[in-house]
Amino acid sequence: MEEFIKIGRRIPKIDALPKALGEARFATDIYFPNMLHGKILRSHYPHARILRIETGKARRLKGVKTVITARDVPDVKYGALVMDMGIFARDKVRYIGEAIGAVAAVDEDTAMEALELIEVEYEELPAVFDPIEAMLPQAPIIHEDLKDYITLFPRTDRSMRGNINYHAIINQGNIERGFSSSDIVLEDTYKTPKVHQSYLEPQTSVSQFDSEGRVTVWTTTQRPHINQAIISSVLEIPTSKIRVIPCHVGGGFGGKSRTLVEPICVALAQRVKSPVRLSLTREEEFTSTTTRHGTIIKLKTGVKKDGTFISWQMDLIYDAGAYAPTPNAVWLGALTAAGPYRIPNVRIETFSVYTNKMMSGAFRGYGTPQVNFARESHIDLIAHELGIDPLEIRLKNCFDAGDNLPTGQRLVSVNVKETLLNAAEKIKWKQGIKKDGIAMGISCGFNPCGGFATSCIVRMNQDGTVMVSSGAMDMGQ
């Protein structure tokens with residue numbers, strides 16, 4: 001039988017040579033003749049009502065081709081699981097850096113000058129920046145119409161109220177009975193900050209309409225098809241008239257999975273009937289895109305003297321920022337909170353909470369690194385309290401095949417012990433540290449993969465070769 005030509009063999013990446021030679025085209029490399037440059041007007045207030053926007057001076061500036069605000073685009077909200085965000089702030093701004101309007105001009109300097117000429121009158125409102133304070137009854141309400149927003153998950157009696165946009169509970173066993181039968185009970189609180197993905201290439205899009213009203217969008221994105229759907233929804237353009245061309249991605253790490261610049265770029269191009277390029281500055285990247293969720297994680301654990309985990313309670317509070325594009329990151333954190341450990345009594349309660357800060361979104365691990373940090377740090381404290389080796393306490397409690405997650409899912413393929421032992425051997429855990437100023441640690445965790453629909457087209461050619469067409473973006477992972 002003839003050997004496979006491709007399967008099971010190492011083959012060069014098809015984009016390796018153009019990237020090495022500097023020939024690969026990123027969205028920031030896309031330029032067209034007569035192309036205009038877009039810039040976004042952003043809020044300087046964390047929470048304020050918009051009383052008036054005056055764009056006349058900006059429109060009259062030489063070189064300015066159009067100025068748009070919320071009144072120039074459909075009043076449609078979008079999001080991932082909570083439809084809470086518009087293209088522009090319409091009645092009020094909810095964080096410093098929120099888009100209020102946009103300008104298209106002959107060059108970037110003119111566009112920036114035009115932004116300075118736009119007059120916005122605000123009524124400043126009380127702001128809240130701490131998610132625990134945002135959950136209090138007396139906290140300023142960031143989304144007054146939250147109960148009317150469309151959601152793609154079942155609402156509970158504690159979700160979609162006040163500043164809470166998502167709530168979930170996972171229960172297994174009897175948590176209080178577990179605490180009463182434990183030899184020691186430990187409590188602790190961990191906090192993690194919001195963190196930006198810090199990719200090299202800024203969020204950039206170029207949009208161009210043709211004479212038939214069809215638009216082509218060149219963009220740096222992790223999800224071209226969802227971009228197409230969102231552009232269609234918020235600008236009321238049929239999907240058949242939208243073509244999204246994903247360029248090489250100059251770093252994503254989850255940060256390029258939101259649709260932020262594309263609708264504004266398309267809206268500008270629709271008005272001027274010329275290609276428009278919109279690229280964020282580095283300052284905008286750190287104020288107006290998305291970050292990893294900041295969290296406050298409270299733990300209470302019950303343990304036997306021999307290190308056996310009996311009861312595990314965690315309260316997870318995720319700082320969503322002003323909008324909630326990824327509540328699914330929050331429920332993934334809930335699913336993984338108790339870790340790869342066999343614990344008979346578990347209670348996980350999770351909240352996603354609005355604050356007047358920039359949005360939280362996807363960042364590799366998607367909600368799980370925060371709980372992993374808190375849980376594994378706490379396990380080290382338990383081991384120290386009991387005088388047990390941190391490796392041994394994990395080996396004693398970790399999953400075997402046939403165990404269940406707290407959600408009830410039965411695990412049929414488990415390699416936690418083997419992985420821990422292999423890692424310990426490679427870092428020579430038993431030998432310990434021989435040099436001053438060097439620390440050694442060990443931890444473990446897991447992260448769900450998949451969960452969303454995808455597809456591809458496979459075509460067999462007459463010569464026996466195969467062509468695979470896929471919309472999946474290659475971001476180096």
Salt bridge Lys92-Glu144, side-chain N to carboxylate O under 4.0 Å: yes
Within-4.5 Å side-chain heavy-atom neighbours: Tyr318 and Thr350: yes
Full working for side-chain contact (heavy atoms from CB on, under 4.5 Å) between Lys300 and Glu187: CA-CA 4 Å; Lys300 181 179 179 181; Glu187 297 185 56; 3.6 Å; yes
Asp130 side chain vs Ile132 backbone, donor-acceptor pair below 3.5 Å: yes
Intermediate values then yes/no, side-chain contact (heavy atoms from CB on, under 4.5 Å), Asn163 and Thr355: CA-CA 8 Å; Asn163 290 316; Thr355 61; over 6 Å; no
Thr192 and Thr295 side chains, donor-acceptor separation under 3.5 Å: yes
Ser469 versus Arg459, side-chain donor and acceptor atoms under 3.5 Å: yes
Pairing of Asp29 and Arg25 as salt bridge, 4.0 angstrom limit: no
Over all atoms of both residues, closest heavy-atom pair of Ala24 and His248: CB-CD2, 3.4 Å
Pro46 and Tyr95, any side-chain heavy atoms less than 4.5 Å apart: no
side-chain contact (heavy atoms from CB on, under 4.5 Å) involving Phe446 - partner list, sequence neighbours excluded: Thr336, Pro340, Leu405
Main-chain N/O of Lys256 paired with Gln222 side-chain donor or acceptor, under 3.5 Å: yes
Atom CD of Gln462 with >12 non-hydrogen neighbours under 6.0 angstrom: no
Under 3.5 Å donor-acceptor, Arg292 side chain and Arg364 backbone: yes
Exceeds 12 heavy-atom contacts within 6.0 angstrom, atom CD1 of Ile457: no
Residue Tyr45 excluded, over 12 heavy atoms near OH under 6.0 Å: no
Closest heavy-atom pair and its distance - Val353, Ala134: CG1-CB, 3.6 Å
Within 6.0 Å of NZ in Lys298, more than 12 heavy atoms from elsewhere: no
Enclosure of Lys305 NZ (heavy-atom neighbours >12, cutoff 6.0 Å): no
Glu284 side-chain N/O to Leu280 backbone N/O, donor-acceptor pair under 3.5 Å: no
Matching residue for Thr291 among Ser360, Pro193, Ser198 - test: side-chain contact (heavy atoms from CB on, under 4.5 Å): Ser360
Within the 6.0 Å centroid threshold, strictly below: Phe363 and His293: no
Nearest-0.5 Å distance, CG of residue Asn328 to OH of residue Tyr366: 3.5 Å
Distance-minimising heavy-atom pair for Trp312 and Ile348: CD1-CD1, 4.4 Å
Working for side-chain contact (heavy atoms from CB on, under 4.5 Å), residues Tyr323 and Val82: CA-CA 9 Å; Tyr323 298 94; Val82 180; over 6 Å; no
Residues Arg177 and Ser311: side-chain donor-acceptor under 3.5 angstrom: no
Atom CD1 of Ile14 with >12 non-hydrogen neighbours under 6.0 angstrom: no
Beyond-backbone contact of Leu335 with Leu332, side-chain heavy atoms, under 4.5 angstrom: yes
Side chain to side chain, Thr220 and Thr28, heavy atoms closer than 4.5 Å: no
Lys77 charged N/C atom sitting above Tyr149 aromatic ring, 6.0 Å / 45°: no
Pairwise side-chain contact, Ile310 with Asn345, heavy-atom cut-off 4.5 Å (strictly under): yes
Minimum-distance pair of heavy atoms, taken over all atoms of Val416 and Cys444: CG1-SG, 4.2 Å
Side-chain donor or acceptor of Tyr190 paired with backbone N/O of His378 under 3.5 Å: yes
Heavy atoms from other residues, nucleotides or ligands near CG of Asp463 exceed 12 (cutoff 6.0 Å): yes
Residue pair Met358 / Thr290: nearest heavy atoms and the distance that separates them: CE-N, 4.0 Å
Residue pair Cys265, Val217: steps toward the side-chain contact (heavy atoms from CB on, under 4.5 Å) verdict: CA-CA 9 Å; Cys265 188; Val217 184; over 6 Å; no
Heavy-atom side-chain contact between Leu235 and Pro74 under 4.5 Å: yes
Residues Arg375 and Asn372: side-chain donor-acceptor under 3.5 angstrom: yes
Side chains of Arg258 and Met359 in contact at under 4.5 Å (non-hydrogen atoms): no
Asp84 side chain vs Ala324 backbone, donor-acceptor pair below 3.5 Å: yes
Reported NE2-to-CG distance for the pair His47 and Asn356, which is rounded to 0.5 angstrom: 5.0 Å
Lys430 vs Asp389 side-chain heavy atoms within contact, under 4.5 Å: yes
side-chain hydrogen bond (donor to acceptor under 3.5 Å, both in side chains) assessment of Arg94 paired with Ser43: CA-CA 9 Å; Arg94 295 177 169 90; Ser43 167; over 6 Å; no
Atom pair CG/CD1 of Asn397 and Ile379 - distance to nearest 0.5 Å: 7.5 Å
Spacing of CD belonging to Gln228 relative to OG1 belonging to Thr219, to within rounding of 0.5 Å: 13.0 Å
Atom pair CG (Leu316) and CD (Glu349), whose distance is rounded to the nearest 0.5 Å: 9.0 Å
Donor-acceptor pair, side chain of Asn171 and main chain of Arg347, under 3.5 angstrom: no
Distance-minimising heavy-atom pair for Arg394 and Ser443: NE-CA, 3.7 Å
Backbone of Gly408 reached by a side-chain donor or acceptor of Gln172 within 3.5 Å: no
Nearest-0.5 Å distance that lies between atom CG in Asn404 and atom CZ in Arg342: 11.0 Å
Within 6.0 angstrom of Leu21 CG, more than 12 heavy atoms from elsewhere: yes
Any donor-acceptor pair under 3.5 Å from Gln370 side chain to Ile297 backbone: no
Donor-acceptor contact below 3.5 Å, side chain His196 vs main chain Glu285: yes
